[in-house]
Participant: 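One structure, as C-alpha cells, below. Some questions next.
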Amino acid sequence: MDTPLSTIAVVGLGTMGTGIAEVLSRAGHEVIGIDISAEAAARAVAALESSTARAVGRGRITEEERGDVLARFRTFDDLRAAAEAELVIEVVPESYEIKQQVFRELDEVVSPTTILATGTNALSVTRLAAESLRPERVLGLHFFNPAPAMKLVEVVSSVLTAPPAVEAVTALARSLGKEPVAVGDRPGFVADGLLFGYLNQAAAMYEANYASREDIDAAMKLGCGLPMGPLALLDLIGIDTARTVLEAMYTESRDRLHAPAPVLRQLSDAGLTGRKAGRGFYTYDSAGGQTVVPDALTPREGTGAAAGRAVRSVGVAGSGTMASGIAEVFAKAGYDVVLAARGQEKADAAKARIAKSLERSVAKGRLTDGARDEALGRITAAGSLDAFADVDLAVEAVAEDLAVKQQLFRTMDKVCRPGAVLATTTSSLPVVAIARATSRPQDVIGMHFFNPAPAMKLVEVVRTVLTADDVHATVREVCAKIRKHPVDCGDRAGFIVNALLFPYLNNAIKMVEEHYASLDDIDAAMKLGGGYPMGPFELLDVVGLDVSLAIEKVLHNEFRDPGLAPAPLLEHLVAAGCLGRKTGRGFREYARR
C-alpha cells in the first residue's frame, strides 16, 4: 500500500482537531477541516492564524510561509468534503453512536484506498472497524493535547487492520516530527491506560479525605518531578472526559483501580467539569481560565495551629545515603547535627560522604567555601546513640525493617531528653507501630524525605492517631527552615507518593507481561505523552526492583485490592537477583563500572 497521504481530512474541530490540523498544514499537507458547527470551524481558522502569526513574530517562519500554511487549511460543514482525502482523522466526541455515524457516512464518501483513523483514547478501535465497509483500513491515531507540542502519537491496530495502513500512518507521524508508538486495541492504550488509573486513585485519595488537594498535587510534582499534580491534571483534561475513559477501561478490565471514583461522577453531574467550567477540584478565574483562585477549601495559613517546640540541635541516626543527605540538609540550614552510626568508623565515613557532597556543591557554584566549612563544622560524628542525649529532634534513617526501627526507637526513648521529637523516615512501615515501641508515642511522627535528600524538596509529614499537635507543628516549622515543602498525610501504607506511584509502576509491568507493548514503547509513551521525567521501567531500575517489590507487597497487604498484587514478572526478576542498576541488570542490562 503506497499511500502518499498528501490530503488529509480532520473531522471535529475542537481543541484536539484544531491542533492536529495545525500540525498537518504546517508540515505541508492539504488539510480539510470538517465540523457541523460554523463557530468551531471559525475558531479553528482563528487559532491557526494566531499561532502562525506568533511563529512569524518569533522568526520561525516567514510571512510568505504563513500564507501558504493558511491556504492549505480549508473548512467545511459536510463530510462529503472528505471525498478527496487519502487519510481521514476523526476527533469527534467519545461516543460510539457519534463515531459510528461518522464512519458510516465516510464509507459512502471516501475512496476504497482511504485510511480511516479514529482519535479515540477510550473506545474500541476494533468495534469501530468491524462496522466499517473496509475494516482493514481502520486504525487508531491518538495524538496528545496540545497536539502541536506533544511528541507522542499512539498508532493503534485492531486484529482487522492491514499492516500497510499502519506503516503509512507511522511514516506520517515521523514526518510530522512525532514519536509513533505501536500499540494494540485496549481502552486507554499505553499512556492513558497507565495515566488514568493513577488519576483515579488520586481522586479516590482526595475523596477519602486522606490529604488535601494541594498536598496531593504538591507531593506528586515534587516527589516524582511531574509537570502537574493529578487533581489539577483532571481539571485540565475534563472530569467528565476522565470519567468516560475510566468507565471504558473498567468495562474492559473489571479492575477496581479503573472503577471511577464516585467524586468524579458527583462533580460531572454537578457540571463542575474542571477548567472548561471554571470549577472542578479547584476554582478558576473564569470558565476556560487557567488561574486558580481561592475558594472555601483553600488552606488558610496559621489559623488555629499549635505552636511548635524549639529545635536547635538535630540527631540523625544511620550511616547510609539517606542519613548522610538528611544530616547535610540540616547542617546547611544552620542546625547543630549529631550523626550517629553503629560505630565511630561508620559515622566518620558518613561524615566524609557529606564532605564530598558539599565539595561538589562548591565546584558547581552552589555553595561558597565558607558555607561548606561552616556546614561541615556543625556536624559531629558519633559511634552510638548516646550522643543524642541533648538533641531537640532525632531523625532515624536506618534499614526499612520494622524490628530494626522499633529497637532503635526503644534506645532513643531512653537516651533522648523529655520533650525531644522523634521522627522516622520510613516510606512504607506503620509509624504508629514504631511509636508504640517508645514510652512517649505522642512525640513520634513520620518525616519521609526523598532521595537525594539535599536535592528533593518534598517531605511527607505523617501523623499517627497518637501524635501531639505541637509535634506536628514542630516538624512543619522545621521543614520551612530547611527549605523543604511539607505535605500532611495519615499513617497508612505508601503515604501519598508511593501509594499513587507504585500501582502505576505495577500496571506498566503487567502491560509487558501481557505482551501488549515493549519496555521502550511504554517508557517513551509516559515520557512523551505523560510528561514523566523517567519512564516506568527506567524508574524501577533506579529505585531497585527489590525495594519496589517490598513497597508493592505493603500496599497489597494494607488495601487488599487484587489489582495491587505485585506483578509476577517483578517477583521473578527479584528472585533471580536482577534488582536494577545496582546489580547491573533489572528490566534492562547496564554496563558495570
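Below, each value reflects all heavy atoms present in this structure, side chains not excepted, and no hydrogens, waters or symmetry copies.
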Participant: Taking everything shown except Ile36 itself, do over 12 heavy atoms lie less than 6.0 Å from its CD1?
Facilitator: no
Participant: Just by distance, do the side chain of Glu154 and the backbone of Val183 share a donor-acceptor pair under 3.5 Å?
Facilitator: no
Participant: Do Leu570 and Leu505 make a side-chain contact, defined as non-hydrogen atoms from C-beta onward lying under 4.5 Å apart?
Facilitator: no
Participant: Using side chain to side chain contact (heavy atoms under 4.5 Å, CB included) as the criterion, point out the one residue from Val91, Asn121, Leu152, Val153 that pairs with Phe143.
Facilitator: Val153
Participant: On the 0 to 90° scale, with breaks at 30° and 60°, tag the His142-Phe144 ring pair as parallel, tilted or perpendicular.
Facilitator: tilted
Participant: Could you go through Leu79 and Glu108, starting from their C-alpha distance and side-chain angles, then the distance that decides it, and tell me whether this counts as side chain to side chain contact (heavy atoms under 4.5 Å, CB included)?
Facilitator: CA-CA 10 Å; Leu79 281 173; Glu108 297 176 1; over 6 Å; no
Participant: Return yes if a side-chain donor-acceptor contact under 3.5 Å exists between Arg54 and Ser50, otherwise no.
Facilitator: yes
Participant: Are any of the side-chain heavy atoms of Leu116 and Asp107 separated by less than 4.5 Å?
Facilitator: yes
Participant: Could you tell me whether the side chain of Lys99 and the main chain of Gly119 form a donor-acceptor pair under 3.5 Å?
Facilitator: no
Participant: Measure the spacing between NZ of Lys527 and CD of Glu538 and express it to the nearest 0.5 Å.
Facilitator: 3.5 Å
Participant: Scan residues 240-253 for pairs that pass salt bridge (charged side-chain N to carboxylate O under 4.0 Å, His left out), counting only residues two or more places apart or in two chains.
Facilitator: Asp240-Lys276, Arg243-Asp269
Participant: When you measure from the side chain of Tyr210 to the backbone N and O of Gly490, does any donor-acceptor pair fall under 3.5 Å?
Facilitator: yes
Participant: Does any donor atom in the side chain of Thr244 or Thr241 lie under 3.5 Å from an acceptor atom in the other side chain?
Facilitator: no
Participant: Taking the side chain as C-beta and beyond, is there a heavy-atom pair between Met205 and Gln201 under 4.5 Å?
Facilitator: no
Participant: When you look at Asp217 and Tyr206, which way does the side chain to side chain contact (heavy atoms under 4.5 Å, CB included) test go after all the steps?
Facilitator: CA-CA 10 Å; Asp217 280 353; Tyr206 169 76; over 6 Å; no
Participant: I'd like to know if the side chain of Asn145 and the backbone of Thr15 have a donor-acceptor N/O pair within less than 3.5 Å.
Facilitator: no
Participant: Under the 3.5 angstrom rule, does the side chain of Arg58 hit a backbone N or O of Ala55 as a donor-acceptor pair?
Facilitator: no
Participant: How far does OH of Tyr284 sit from CZ of Arg275, to the nearest 0.5 angstrom?
Facilitator: 5.5 Å
Participant: Out of curiosity, Leu539 CG to Tyr504 OH, how far, rounded to the nearest 0.5 Å?
Facilitator: 7.5 Å
Participant: For Arg72, does the CZ atom sit with more than 12 other heavy atoms under 6.0 Å from it, leaving out its own atoms?
Facilitator: yes
Participant: Ignoring hydrogens and geometry beyond distance, is a side-chain donor-acceptor pair present between Thr75 and Asp35 at under 3.5 Å?
Facilitator: no
Participant: Go through the steps for Arg588 and Asp523 under the test salt bridge (charged side-chain N to carboxylate O under 4.0 Å, His left out), then give the verdict.
Facilitator: CA-CA 12 Å; Arg588 295 185 175 89; Asp523 276 355; 2.9 Å; yes
Participant: Between CD of Glu514 and CG of Leu569, what distance do you get to the nearest 0.5 Å?
Facilitator: 11.5 Å
Participant: Can you tell me how far CZ of Phe537 sits from OG of Ser518, rounded to the nearest 0.5 angstrom?
Facilitator: 9.0 Å
Participant: Considering only heavy atoms from C-beta outward, does the side chain of Leu233 approach that of Leu236 to under 4.5 Å?
Facilitator: yes
Participant: Side chain of Glu86, backbone of Thr7: donor and acceptor closer than 3.5 Å?
Facilitator: yes
Participant: So, taking the atom named CG in Leu549 and the one named NE2 in His556, what distance separates them when rounded to the nearest 0.5 Å?
Facilitator: 12.0 Å
Participant: Looking only at non-hydrogen atoms, find the nearest pair between Leu564 and Leu555 and report the distance.
Facilitator: CD1-O, 4.0 Å
Participant: Go through it in stages, so that I can follow the logic: the residues are Leu24 and Ile89, the test is side chain to side chain contact (heavy atoms under 4.5 Å, CB included), and I'd like the CA-CA distance, side-chain angles, deciding distance and then a yes or no.
Facilitator: CA-CA 11 Å; Leu24 293 168; Ile89 305 171; 4.2 Å; yes
Participant: With the side chain counted from C-beta on, respond yes when Val512 and Phe587 share a heavy-atom pair under 4.5 Å apart, and no when they do not.
Facilitator: no
Participant: So among Leu272, Ile216, Asp235, which one has a side chain to side chain contact (heavy atoms under 4.5 Å, CB included) with Phe281?
Facilitator: Asp235
Participant: Could you tell me whether Arg80 atom CZ has more than 12 heavy atoms of other residues or ligands within 6.0 Å of it?
Facilitator: no
Participant: Test salt bridge (charged side-chain N to carboxylate O under 4.0 Å, His left out) on Glu558 and Arg492; report intermediate values, then the result.
Facilitator: CA-CA 8 Å; Glu558 173 127 339; Arg492 75 179 201 188; 5.8 Å; no
Participant: Can you check whether Ala85's main-chain N or O pairs, donor with acceptor, with Thr114's side chain at less than 3.5 Å?
Facilitator: yes
Participant: Please determine, by modelled atom types, if Glu105 and Gln101 share a side-chain donor-acceptor pair under 3.5 angstrom.
Facilitator: yes
Participant: Any side-chain heavy-atom pair from Val574 and Leu579 closer than 4.5 angstrom?
Facilitator: yes
Participant: Under a 3.5 Å distance rule, please check whether Asn200 uses its side chain to pair with a backbone N or O of Ala259 as donor and acceptor.
Facilitator: yes
Participant: Quick one, Val125 with Phe189, criterion side chain to side chain contact (heavy atoms under 4.5 Å, CB included). Give me CA distance, side-chain angles, the key distance, then yes/no.
Facilitator: CA-CA 10 Å; Val125 176; Phe189 313 129; 4.2 Å; yes
Participant: Checking Asn506 side chain against Ala567 main chain: does a donor-acceptor pair fall under 3.5 Å?
Facilitator: yes
Participant: Shortest non-hydrogen contact from Tyr96 to Ser124?
Facilitator: OH-N, 2.8 Å
Participant: Does Ile522 reach the side chain of Leu194, with side-chain heavy atoms less than 4.5 Å apart?
Facilitator: yes
Participant: Do Glu30 and Ser6 make a side-chain contact, defined as non-hydrogen atoms from C-beta onward lying under 4.5 Å apart?
Facilitator: no
Participant: Charged N to carboxylate O under 4.0 angstrom, Arg66 versus Glu49?
Facilitator: no
Participant: Taking all non-hydrogen atoms of both residues, which atom of Thr583 and which atom of Gly577 are closest, and how far apart?
Facilitator: OG1-O, 3.6 Å
Participant: Ignoring hydrogens and geometry, is there a side-chain-to-backbone donor-acceptor pair from Asp255 to Gly563 under 3.5 Å?
Facilitator: no
Participant: Provide the closest heavy-atom pair for Ala47 versus Thr18 in the form atom of the first, atom of the second, distance.
Facilitator: CB-CG2, 3.8 Å
Participant: For a quick test of reading the model, state the closest non-hydrogen atom pair linking Ala248 to Ala122 and the distance between them.
Facilitator: CB-O, 3.1 Å
Participant: Classify the side-chain pair Thr120/Glu94 by whether it contains a donor and acceptor separated by less than 3.5 Å.
Facilitator: yes
Participant: If you compare all heavy atoms of Ile496 against all heavy atoms of Cys489, which two are closest, and at what distance to 0.1 Å?
Facilitator: CG1-CB, 3.9 Å
Participant: Between Tyr250 and Arg254, is there a cation-pi geometry (under 6.0 Å to ring centre, at most 45° from the normal)?
Facilitator: yes
Participant: Looking at Lys510 and Glu552, does any basic side-chain N land under 4.0 Å from a carboxylate oxygen?
Facilitator: no
